[in-house]
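Working notes, structure below.
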Amino acid sequence: MMDEKLLKPYDPKETEDRIYKLWEESGYFNPDNLPVAKIKNLKLKIKNFCIAIPPPNITGTLHMGHALNAVIQDILIRKKRMEGYKTLWLPGTDHAGIATQNIVEKELKKQGLTRHDLGKEKFIKRVWEWKEKYGNIILDQLKKLGASCDWSRARFTMDKEYVEAVETAFLHYYKKGWIYQGDRVVNWCKRCQTSLSDLELEYEETKGKLYFIKYPLKSQISNLKSQKYIVVATTRPETMLGDSAVAVNPKDKRYKNLIGKILILPIANREIPVIADSAVEMEFGTGAVKVTPAHDMLDFEISERHKLPIIKVINNYGKMTLRQAQGKQNKIIEELNGMPSKDAREKIVEDLKKQNLIEKIEDYDLRISKCYRCNSIIEPQISKQWFLKMKELSKMAIDIVKKGNVKFHPKKWEKVYFDWLKNIKDWCISRQIWWGHKIPLDGVDDVLDTWFSSALWSFATLGWPKKTKDMQEFYPTKVLSTARDIINLWVARMIFSSMELTKKKPFDKIIIHPTILTRDGKRMSKSLGTGIDPMILIEKYGADATRFGLIYQMMGGQDIHFSEDATMAGKKFANKLWNASRFVLMSTDKFITEYDHRRKNLTETDLAIIQSLISIKRSINNHINNYSFGHALHTFYDFFWYEFCDVYLEASKKQLEDKNLKENTQEILSYGLITSLTLLHPFMPFITEEIWELIPGKKNLLIIEKWPKL
RNA sequence: GGGCGCGUAGUUCAGCUGGUUAGAACGUACGGUUCACAUCCGUAAGGUCAGAGGUUCGAGUCCUCUCGCGCCCACCA
């Protein structure tokens, strides 16, 4: 008897939630419930396969990149589960320090409140409320996509056990002497009121000016009578009040006789020395650089070498603070004090012009740094921060990839990784925000860089530092699939954290997936309105079609110029599959998973389709193993539509009427359909499982059906 | 300043280690379809493979240069 369902066209909306529930109730997302986990025979070595999801930030909802990444991981997981591995996909979310704090602050602002109005305790409570809401939305969205994660193991980077892991890691480094506190010039965000690491900056090219300023010599030099001053070039004249020297390159002949001489710093009227330091580029500007240790990283390093005083002239809010700056009290200094640094620049330049101390002003293209979370301009600023020594850690991270024990796919991304690690500076791990892991030392208000905790993700989620069964079974994990923009921010740090803390690598392979751009190749962005919401695609076309659309366009490592047409094609394809299945199920009630093609009495058409099936099984299997998901899906699509449907199904109509051919034809139809559903399941899990439900004679859910024999 | 990637039909892309008249999808045009599917089937038009030079019996595929587009990194103030 035909199932009533088969009379209607395929409806993803009616199907998907029901099928997902079926999976959840089966318990098979949890590796401990899989048939393989019940095997008692000790001789059989159970193979494990684990992926820890890159935890989405709780700042909002999933975007297309998350969706693509989730589908990639789900394909790998579903295939391995069908291959009989004890398979775990561990889900979770990230507290995302600054990003989340900012977004909750924005919410408060709508009510006219700041975080200071609430106070720390109440504010943090608010953030937890936000987390409850959005953390769950994200997990629900992953479910909508069909992600077969073990939700019973879901983790959050600030849950109780995770806090323990973070503290253990910190203390481990601390005891080793790798964590130290010190005054350094760091990237300071005036809005977020915190330090940021170099990786947390974004850069913007802007048109600026290069100011050439004359710094007069205190005394005339006998053999160089014409020399009355040194000209320095700067893009930031307002910082000059904090200068404590002018530096030149020791090899620079132009300034040879001036090294050690004293200059009078204009406006401040302070005496500063001319020093020699090889960090100075002779070719740039005039070859003489003003040294402002409190507001420039290079200058700070120079000042350490030369033991120069550090004079802070801009405060944490970007305003001039000139108590230390002046030599002699003067009117201009008084006026400048408290002024925003931007205004101070104009005022200073104006005054220098009056004194005839500006030689020239040139147009200059410069690159300004901005906060990656709030887009404010960064103010390099001296402050007391915590640092983690990178020397040993970066070496470990380099070695394990060099040896080939951790592999990038595509391989070219190794270079990005190596280049960063080779020139790495110590990691500033403290942040002056409220939302995050507290630095475990008494009396410290700072929190840890959010990436410090993310760096522990692959093992903290499995129970580290405890010696859990999960750590034994699933660590190291097998694959990390992620976006290229966090190779250093996250992947590299995960690798060295793991090498040091667990003495094992965190994963074998790193898949760097394509970035999803708009059809015109622009960045998808919410604020520009160029983004596409994967949930809307699911609503319109269904989750299978959405998955299809993403993967179908994922050819090679090339970025995807996303076109909704592919999603629409996915919906059409789902319908094609549905109708073809209807036809097969109306024509036969056999259940054939393997077919002996050496059997006689086959028509040419029979032979051709059987040979195609053999070849696509192999091809799809290889493509998935090589992470060529797009190619795998194209292979399946072409086979199923143009060979199985257009050719074989059409031919079968006549063959079914022929008594001598009928049985064979039925068997081949069944074998073809069952093989197809199995191969397609990792890509389009809902519809394949739904059709599977209708197949007479099936024993399991498709989710644990055996992957076809090659 | 350094690095990476891309430029193939109107559009989005395949084309692996160089080898027969360069492929697909979508779009377009025309035709068909009561028999699983109009979310269908069939037919057709469309490309000096960015440009120049080179290696080769043979290059979209390898090398060099040029042009165009995109991305990343860097302490030239």
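We name chains A, B, ... by the order of the sequence lines, and we start the count at 1 in each one.
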* Expressed in whole Å, how much space separates the P atoms belonging to G10(B) and C76(B)? -> 45 Å

* What does N423(A) touch in the nucleic acid at a heavy-atom separation under 4.0 angstrom: a base, only the sugar-phosphate, or nothing? -> nothing

* Between N187(A) and D198(A), do the side chains contain an N or O donor and an N or O acceptor separated by less than 3.5 Å? -> yes

* Report which part of the nucleic acid M555(A) touches: base, sugar-phosphate, or nothing (heavy-atom distance under 4.0 Å, all strands). => sugar-phosphate

* To do: Using a 4.0 Å heavy-atom cut-off across all strands, classify V280(A) as base, sugar-phosphate, or nothing.
  => base

* To do: Going 5' to 3' through nucleotides 6-11 of chain B, assign each nucleotide B (protein heavy atom under 4.0 Å from a base atom), S (under 4.0 Å only from sugar-phosphate atoms) or - (no protein heavy atom that close).
  => S----S

* Remember a base hit wins even if backbone is also touched, and classify L649(A) as base, sugar-phosphate or nothing at under 4.0 Å, heavy atoms. => base

* Asked: Is A569(A) touching bases, backbone alone, or none of the nucleic acid, heavy atoms closer than 4.0 Å?
  -> nothing

* Asked: Side-chain donor or acceptor of K415(A) under 3.5 Å from a matching atom on the base of C4(B)?
  -> no

* **Under 3.5 Å donor-acceptor pair, Q553(A) side-chain atoms to A14(B) base atoms** => no

* Is K360(A) close enough and on-axis enough to F212(A), meaning under 6.0 Å and within 45°, for cation-pi? -> yes

* To do: Would you state whether a donor and an acceptor, one from the side chain of R236(A) and one from the base of A77(B), lie under 3.5 Å apart?
  => no

* Asked: Are K207(A) and D363(A) close enough for a salt bridge, meaning some N to O gap below 4.0 Å?
  -> no

* To do: Just call it for V416(A): base, sugar-phosphate, or nothing, with non-hydrogen atoms closer than 4.0 Å on any strand.
  => nothing

* Asked: Are D565(A) and R519(A) ion-paired here, with the side-chain N under 4.0 Å from a carboxylate O?
  -> yes

* Hey, can you tell me if F573(A) and F640(A) have their rings parallel, tilted or perpendicular (30° and 60° cut-offs)? => perpendicular

* W641(A) side chain N/O closer than 4.0 Å to the phosphate oxygens (OP1, OP2) of C41(B)? -> yes

* Asked: Quick one: do D426(A) and K389(A) make a salt bridge, cutoff under 4.0 Å?
  -> no

* Asked: So, is the end of the K402(A) side chain (NZ or CZ) under 6.0 Å from the ring centre of F418(A) and within 45° of the ring's axis?
  -> yes

* To do: Please work out if S563(A) contacts a base, only the sugar-phosphate, or nothing of the nucleic acid, heavy-atom cut-off 4.0 Å.
  => nothing

* Classify the nucleic acid contact of D419(A) as base, sugar-phosphate or nothing, counting any heavy atom under 4.0 Å across all strands shown. => nothing

* To do: May I ask you to say what Y642(A) touches in the nucleic acid, namely base, sugar-phosphate or nothing, with a heavy-atom cut-off under 4.0 Å?
  => sugar-phosphate

* Asked: With a non-hydrogen cut-off below 4.0 angstrom, is H634(A) in contact with a base, only sugar-phosphate, or nothing?
  -> nothing

